[in-house]
Amino acid sequence: MRKEEVFEIVKGCICEVLPELNDHQFQYDDRLVDLGADSVDRADIVMKSMEALSLNIPRVELSGVKNVGELADELYAKL
């Protein structure tokens, strides 16, 4: 799987949790908090992304990510 595919999966999970972003043009440097995701939404997005990629990563390993691109990069690195 390519990094771009992981980014697409993360975007899909974001839109699943925050359907109002379906028409948003996601960028790597988009921050979930700036897109309107509260802490519960962010946790849900991470969980859904990990499930979609069949990953089981301790959440603490992803606590330092600052934006959508970094989340995709971290998930890609764990594949």
Side-chain angles (χ1 to χ4, degrees):
M1 179 174 288
R2 296 184 351 251
K3 193 180 291 190
E4 295 80 18
E5 293 171 303
V6 174
F7 185 67
E8 291 298 319
I9 289 171
V10 171
K11 286 179 4 183
C13 293
I14 293 168
C15 290
E16 197 175 318
V17 174
L18 300 168
E20 63 272 15
L21 295 176
N22 279 333
D23 295 328
H24 181 73
Q25 298 297 316
F26 288 94
Q27 303 297 317
Y28 260 59
D29 61 351
D30 282 341
R31 292 173 14 121
L32 290 173
V33 70
D34 294 339
L35 296 174
D38 62 24
S39 59
V40 174
D41 294 334
R42 293 190 304 270
D44 201 18
I45 290 165
V46 169
M47 285 293 282
K48 288 180 182 299
S49 298
M50 289 193 315
E51 287 172 6
L53 295 165
S54 300
L55 290 172
N56 188 11
I57 306 166
R59 264 36 108 232
V60 69
E61 290 186 29
L62 301 172
S63 64
V65 299
K66 295 177 179 62
N67 54 48
V68 177
E70 285 185 17
L71 175 58
D73 289 346
E74 286 293 320
L75 294 173
Y76 177 76
K78 302 293 184 185
L79 287 175

**Message:** Checking Val10 against Ile14 for the side-chain contact (heavy atoms from CB on, under 4.5 Å) test, could you report, in this order, the C-alpha distance in whole Å, the side-chain angles of both residues, the deciding distance, and whether it holds?
**Reply:** CA-CA 6 Å; Val10 171; Ile14 293 168; 4.0 Å; yes
**Item:** Full working for side-chain contact (heavy atoms from CB on, under 4.5 Å) between His24 and Leu18
**Value:** CA-CA 11 Å; His24 181 73; Leu18 300 168; over 6 Å; no
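Each of Val40 and Leu62 belongs to its own hydrophobic cluster when Ile, Leu, Val, Met, Phe, Trp and Tyr are linked at side-chain heavy-atom distances under 4.5 angstrom. Cluster annotation: Val46 and Tyr28 are assigned to the same hydrophobic cluster (Ile/Leu/Val/Met/Phe/Trp/Tyr, side-chain heavy-atom contacts under 4.5 Å, transitive). Linking ILVMFWY side-chain heavy atoms closer than 4.5 Å, directly or via other members, places Ile45 and Val60 in two distinct hydrophobic clusters. One hydrophobic cluster holds both Tyr76 and Leu55 under the rule that ILVMFWY side chains link at heavy-atom gaps under 4.5 Å.
The local environment of CG in Asn22 is crowded, with over 12 non-hydrogen atoms from other residues, nucleotides or ligands closer than 6.0 Å.
Of the listed residues (Leu53, Leu71, Asp73), just one forms a side chain to side chain contact (heavy atoms under 4.5 Å, CB included) with Val6, and that residue is Leu53.
The shortest heavy-atom contact between Gly64 and Glu70 is O-OE1, 3.9 Å. Heavy-atom minimum distance, Glu61 versus Lys78: OE1-NZ, 2.8 Å. Taking both residues in full, the closest heavy atoms of Gln25 and Asp30 are given as O-OD2, 4.0 Å, listed atom of the first, atom of the second, then distance. The nearest pair of heavy atoms linking Cys15 to Phe26 is SG-CE1, 3.7 Å. Taking all atoms of both residues into account, the shortest heavy-atom contact from Ser49 to Ile9 is O-CG2, 4.5 Å.
Within the 3.5 Å criterion, the main-chain N or O of Arg2 finds a donor-acceptor partner in the side chain of Glu5.
Going from atom CG of Asn56 over to atom CE of Met47 covers 8.0 Å, rounded to the nearest 0.5 Å. A distance of 11.5 Å separates CG in Asp44 from CG in Leu32, rounded to the nearest 0.5 Å.
In this structure, Lys11 pairs ionically with Glu8, as a charged nitrogen and a carboxylate oxygen lie closer than 4.0 Å.
Not counting sequence neighbours, Arg59 has no partner by the side chain to side chain donor-acceptor pair (under 3.5 Å) test.
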